[in-house]
Amino acid sequence: MASGSGSGSLMWFRKGLRIHDNPALERAAQSTKFLYPVFIIDPHYMEPDPNAFSPGSKRAGLNRIRFLLQSLADLDLNLRKLGSRLLVLKGEPSQVLLRCLKEWDVKKLCFEYDTEPYYQALDIKVKDYASIAGIEVYSPVSHTLFNPADVIQKNGGRPPLSYQSFVKLAGQPSWASSPLSVTISSLPPVGDVGGCEISEVPTIKELGYGDIEQEWVAAFEKPKGDPSSFLKPATTTLSPYLKFGCLSSRYFYQCLQDVYRNVKRHTSPPVSLVGQLLWRDFFYTVAFGTPNFDRMTGNRICKQIPWNDNNELLVAWRDARTGYPWIDAVMIQLHKWGWMHHLARHSVACFLTRGDLFVHWEKGRDVFERLLIDSDWAINNGNWLWLSCSSFFYQYNRIYSPISFGKKYDPNGDYIKHFLPILKDMPKEYIYEPWTAPLSVQMKAKCIIGKDYPKPVVPHDSASKESRRKMAEAYSLNQKLNGKVSEEDLKKLRRKLEEDSEDTKQES
DNA sequence: CCATCGTTGACGAC
DNA sequence: GTCGTCAACGATGG
């Protein structure tokens, strides 16, 4: 097929899985005979990996894969209502897309701009090919309220590093005064697909998750009884829809503004719902403007801290065997639901890193990235930087207690009993610290600590004290070296910290 | 240089 | 429930 002279458009869906407020789709549908709406399934992301620590693919847990498939099915349905459909293809995305562009009659390629490094690299390849082939490319920013590049430019080339300065800099969204285009009445027909293999949106079974899926359906439990606020989500739970762009953050923003206009008393940023959208944009902006944002090394906004590499502690945390019921219950909710309350996430992230275990935040980030339905590259990394006091937030003396924090919200421990049924008969005075229960109580509750449920992996009092000390040392080293801490400097500090702790042991 | 402030810590005194 | 204390950080803005 002659390139560049074609009469069709290709709409490439990645995030932005929606038909409302979708400028790329709108442009793709304009003055064209044919429209090819494409989604490419990357096997690395979707196909079963038997070696992974939880059911799912190499990169994503089953809960998120399921959510993505449901979103795709919904998108397909909406496209069909408009006289089109979703063309699902499988393979390495850039290869598959280039093949489509070569084989099909395409003169215009449209896709939503994406600030993540993965897509930045992918999109360069695709744009390079398109420019050689004479294919017009339209790639608008529509995933966030603001264009991160604009905000960075306004700040002289560096992203703002505090929420407040971000908000001041960002101002009002450029589209705030005019209504967004949220309806499409019809779409052009799909053109000839030639030899490219097209499939329907697969079911989770078709991807090879048949057995697990049966288990999931059989085990599905709707929250019931007298749930604490952690069981019955006290938040909107819209995060996964925003992550995949099933819901436009801009449209959501406009809807919220409408509500605020009609309601006298309402909350305000940063704690209001609009505030949450602004936080999302803040993290997208910093992430886009910070090289190596997802690593400690080579990340200019990240404190260099001598985290340990203790796999046993990491696995105990990951697999909900820390011996702290509150921490373990949250981690079980993560495995089962792929979602936890925001503050529950804080609590377990602090525990793994600067609070108790002193394990590298990148390790915890990996676990969340895999298991959360709503895991979003910029926001997940931003929050791990935050909670580990590596960036944005630096008050490392403020440590969440694995005992008191949950108790404050749920004194009876209903949340723990729900996710850790082994503790369901433990009296409430011991439910957050079952190792302190007298043996007779443990026997009566049919839960012997150390046998039926683990003892604490570390004692919180001394472990958190030790962590504070390490953080103070690391901070002072960062200050002394003006942030330029080398691998070697960290090694030395690790040695020093070990020696110091040996001394303390000998003294006591 | 300095003052202010930061979405969400724990604990104890009142 | 609201305060101060703990110990004291860094980004920002003057």
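Scope of the values below: all heavy atoms of this structure, side chains included, with no hydrogens, waters or symmetry mates. Lettering of chains follows the sequences in order, A, B, ..., and the numbering in each one begins at 1.
Between B/dC2 and C/dA7, the distance separating the two P atoms is 23 Å to the nearest Å. Comparing the P positions of C/dG13 and B/dT7 gives a spacing of 13 Å, expressed to the nearest Å. Of the P atoms belonging to C/dA8 and B/dC5, the separation is 22 Å, rounded to the nearest Å.
Looking at residues two or more places apart in sequence or on another chain, you find a side chain to side chain donor-acceptor pair (under 3.5 Å) between A/Asp294 and A/Trp377. Applying the side chain to side chain donor-acceptor pair (under 3.5 Å) test to A/Tyr396 and every residue at least two apart in sequence or in another chain returns nothing. For A/Phe67, the ring pair (Phe, Tyr, Trp, His ring centres under 6.0 Å) partners at least two apart in sequence or on another chain are A/Tyr241, A/Phe244. Residues that satisfy the ring pair (Phe, Tyr, Trp, His ring centres under 6.0 Å) test with A/Phe252, not counting sequence neighbours, are absent from this structure. When the side chain to side chain donor-acceptor pair (under 3.5 Å) test is applied to A/Ser462, no partner is found at least two apart in sequence or on another chain. Listed by chain and residue number, nothing satisfies the ring pair (Phe, Tyr, Trp, His ring centres under 6.0 Å) test with A/Tyr45 (two or more places apart in sequence, or in another chain). Judged as a side chain to side chain donor-acceptor pair (under 3.5 Å), and not counting sequence neighbours, A/Ser476 has no contacts. Remark: A/Tyr113 engages no residue in a ring pair (Phe, Tyr, Trp, His ring centres under 6.0 Å) (not counting sequence neighbours).
By the 30° and 60° cut-offs, the orientation of the rings of A/Tyr432 relative to A/Trp326 is tilted.
When the P atom of B/dT7 is taken as reference, atom CZ of A/Phe392 falls 11 Å away, rounded to whole Å. As a whole-Å value, the separation of A/His342 NE2 from B/dT8 P is 10 Å. Distance A/Trp386 CH2 to B/dT7 C1': 7 Å, rounded to the nearest Å. To the nearest angstrom, P of B/dA10 lies 11 Å from CD1 of A/Ile403. Residue A/Phe405 contributes atom CZ, which lies 11 Å from atom P of B/dT8 at whole-angstrom precision. Distance, A/Leu387 CG to B/dT8 P: 11 Å, rounded to whole Å. The nearest whole Å value for the distance from the CZ atom in A/Phe166 to the P atom in B/dG6 is 17 Å. The CG atom of A/Leu273 sits 13 Å away from the C1' atom of B/dT7 (whole-angstrom rounding).
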Which dot-bracket string fits DNA chain C when only Watson-Crick or G-U wobble pairs with both atom distances under 3.5 Å count, crossing pairs get [ ], and | stands for a partner on a different strand? ||||||..||||||
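Using modelled atom types, one side-chain atom of A/Arg468 and one backbone atom of A/Asn397 make a donor-acceptor pair closer than 3.5 Å. A donor-acceptor pair under 3.5 Å is formed between the side chain of A/Asp281 and the backbone N or O of A/Leu145.
Taking a cutoff of 4.0 Å between a charged side-chain nitrogen and a carboxylate oxygen, A/Asp452 and A/Lys446 do not qualify as a salt bridge.
Interatomic distance, A/Ile399 CD1 to A/Ser404 OG, rounded to the nearest 0.5 Å: 12.0 Å.
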For nucleotides 3-5 of chain B, tabulate all protein N/O to nucleotide N/O atom pairs closer than 3.5 Å, reporting atom names and distance.
none

Please produce a list of atom pairs where a protein N or O lies less than 3.5 Å from an N or O of nucleotides 7-11 of chain C.
from	atom 1	to	atom 2	distance (Å)
C/dG10	OP2	A/Gln479	NE2	3.3

Between N or O atoms, less than 3.5 Å apart, protein on one side and nucleotides 11-14 of chain B on the other: list the pairs.
from	atom 1	to	atom 2	distance (Å)
B/dC11	OP2	A/Ser404	OG	2.7

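Side chains of A/Glu433 and A/Tyr324: a donor-acceptor N/O pair is absent below 3.5 angstrom, by distance only.
Heavy atoms of A/Lys408 sit under 4.0 angstrom from primed sugar atoms or phosphate atoms, though from no base atom.
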